[in-house]
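Below is one structure, written out as structure tokens; comments come after it.
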There are 2 protein chains.
Amino acid sequence: MLAQTRSDPAASAHDRVFRGLRTRIMHGDMLPGQALTLRGIGKEFGVSMTPAREAVRRLVAEGALSMSASGRVATPELSHDRIEELAALRTLIEVELASRALPRAHMALIERLQTINSGLTEMIQRQDPVGYIRTNLEFHRTLYLRAQAPAMLALTETVWLQLGPTMRQHYGRLKRKALPPYHRMIIAALRAGDEPGLRLAVRSDVTQGLKMLLS
Amino acid sequence: MLAQTRSDPAASAHDRVFRGLRTRIMHGDMLPGQALTLRGIGKEFGVSMTPAREAVRRLVAEGALSMSASGRVATPELSHDRIEELAALRTLIEVELASRALPRAHMALIERLQTINSGLTEMIQRQDPVGYIRTNLEFHRTLYLRAQAPAMLALTETVWLQLGPTMRQHYGRLKRKALPPYHRMIIAALRAGDEPGLRLAVRSDVTQGLKMLLS
DNA sequence: GCGCGGGATTTGTGATCACAGATGAAACAT
DNA sequence: ATGTTTCATCTGTGATCACAAATCCCGCGC
């Protein structure tokens, strides 16, 4: 077993490959335009072409990978318009998810969010873009899980997935010094039970990330 | 070629299968819980198991089909909560799409919508649930295409897809007599350039459909 | 009549293979 | 030196096969 990414070893081959690639793409392990081959993926995960192909198909279906007319597979290079649209979708759905999570947010959740947020500071100090993206998504996912809306969360993750390589490209090159301010604002709004404030904070957080991507 | 559904014959085998199944599911050709087998699909489309499996994987990834632990595939049976969540997603995204389409909606579009809408009346008279669902989706898609937001439209279609079998089940049994009123309201709001009215009309249209599904 | 084994059959999984088209690099001509 | 052609190689596609697990069905026992 060449690349067993500490996940369920009982899972089927194509599922291991799928999850492995998906995590890598969403967390920004790959740059936009990076090419992949079925045989290469198969060798990396110790499987044949068949499960590699199935995993790639699923990822293409989710927009995590793009496929040329000849069947060549690569991480997508997004246009400006597409980035804006995906950010608008993030705003739309994530504001709703946060709003639904608010009445269910108790102290333990808020403390967990603060812990994750301090982990984010560490990633900035380490200048670790992949760790930063992963921890940032963990912050959002932890909050949204409380919304008890699996279909919405799944759709949001689809959008994150599509933005993964692009986010990596931009977070990789600019040297961040400070934590984005809106996470604190989200936590404060949760603590205060302030729904309009929470909606605004989430919207601002996503928008600020978008501006960074378009700069 | 056993089932060439008048689509691009140059497309690859798995794509033909994928599109064929996807259309059938979205338009309500199948009831919830209906089982499928890879060999059966392959025979129906005149291909081997390999492209059938790839098509199924894509559809499972989109939530159009559900897969048991043993790999068995069937159309999903949605819980009440899931239906409500999907309807909320429809509202969120479709209101946004309609709003974005509004400034671009000219007379030709409005006339096309009216033509589609009268086709809908015909489907009701014929008591043709599949035709009704297909035409209804065509109405919405025609409007949303104007929004120039492909990622949003794609996500909306994913939601339609998940609701397809459930919609069929309910539209199949209750005998509709009249056209739902909100399509006319959508057209009127488009004509008047009334954005708040359009948002309300789309929201009402989706909500009314939801109530029908939960009754 | 009803529940329960047990074997035949169905079904999904993943590896392998032949094939066609795309890709890329080297050799040639200008 | 540059552009073009040609050929070896790479890559995705789809069919087939062996295998294991799940499912189904028939008959037995109660």
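In what follows, chains are A, B, ... by sequence order, proteins preceding strands, each numbered from 1. Every value quoted in this text rests on a predicted model; they were computed, and no experiment measured them. Heavy-atom basis, side chains included; hydrogens, waters and symmetry copies ignored.
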Next on the checklist: Testing the 3.5 Å rule here: is there a donor-acceptor pair between the side chains of H14(A) and R53(A)?
Outcome noted: no

Checklist entry - In whole angstrom, what separates F45(A)'s CZ from dA15(C)'s P? => result 14 Å

Next on the checklist: I'd like to know if T50(B) reaches the base of dA15(D) with its side chain such that a donor and an acceptor end up less than 3.5 angstrom apart.
Outcome noted: yes

Counting only pairs under 3.5 Å, give me each side-chain donor-acceptor contact of residues 33-40 of chain B, with atom names and distances, residues two or more places apart or in other chains.
residue: Q34(B); atom: OE1; partner: L31(B); partner atom: N; Å: 3.1
residue: T37(B); atom: OG1; partner: G40(B); partner atom: N; Å: 3.0

Checklist entry - Atom CE of M49(B) and atom P of dC19(D): how far apart are they, to the nearest Å? => result 16 Å

Checklist entry - Is R39(B) side chain donor-acceptor paired with the dG12(C) base, going by distance under 3.5 Å alone? => result yes

Checklist entry - Under 6.0 Å from the CZ atom of R112(B), do we count more than 12 heavy atoms belonging to anything else shown? => result no

Next on the checklist: Does I41(A) reach a base, just sugar-phosphate, or nothing at all? Heavy atoms under 4.0 Å.
Outcome noted: nothing

Checklist entry - Whole-Å distance between dG12(C) P and K43(B) NZ? => result 13 Å

Checklist entry - Side chain of A13(A): nearest nucleotide among dA22(C), dT13(D), dG14(C)? => result dG14(C)

Next on the checklist: Using whole Å, what does the distance between atom P of nucleotide dG14(D) and atom CG of L38(B) come to?
Outcome noted: 15 Å

Checklist entry - dA15(C) P sits how many Å from H14(A) NE2, rounded? => result 13 Å

Checklist outcome for this item: When rounded to whole Å, the CG to C1' distance for the pair D15(B) and dG12(D) reads 14 Å

Checklist entry - Where the side chain of R53(A) is concerned, which of dC10(D), dT13(C), dG14(D) is the nearest nucleotide? => result dG14(D)

Item to check | Nucleotide nearest P51(B) when distance is taken to its side chain, options dA22(C), dA15(D), dT13(D) | outcome: dA15(D)

Less than 3.5 Å apart, which donor and acceptor atoms pair up between the side chains of residues 76-83 of chain B and the rest of the protein, not counting sequence neighbours?
residue: S79(B); atom: OG; partner: R82(B); partner atom: N; Å: 3.1

Next on the checklist: Taking any heavy-atom pair under 4.0 Å as a contact, classify T37(B): base, sugar-phosphate, or nothing.
Outcome noted: sugar-phosphate

Item to check | Nucleotide nearest R57(A) when distance is taken to its side chain, options dG12(C), dA15(D), dT13(D) | outcome: dT13(D)

Next on the checklist: Rounded to whole Å, how long is the line connecting atom CZ of R72(A) with atom P of dC10(D)?
Outcome noted: 11 Å

Checklist entry - Just to confirm, is there a sub-4.0 Å distance from OP1 or OP2 of dA15(C) to any side-chain nitrogen or oxygen of S48(A)? => result yes

Checklist entry - Once you round it to whole Å, what is the distance between C1' of dC10(D) and CG of L36(A)? => result 15 Å

Checklist entry - Atom CG of L210(A) and atom CZ of R90(A): how far apart are they, to the nearest 0.5 Å? => result 9.5 Å

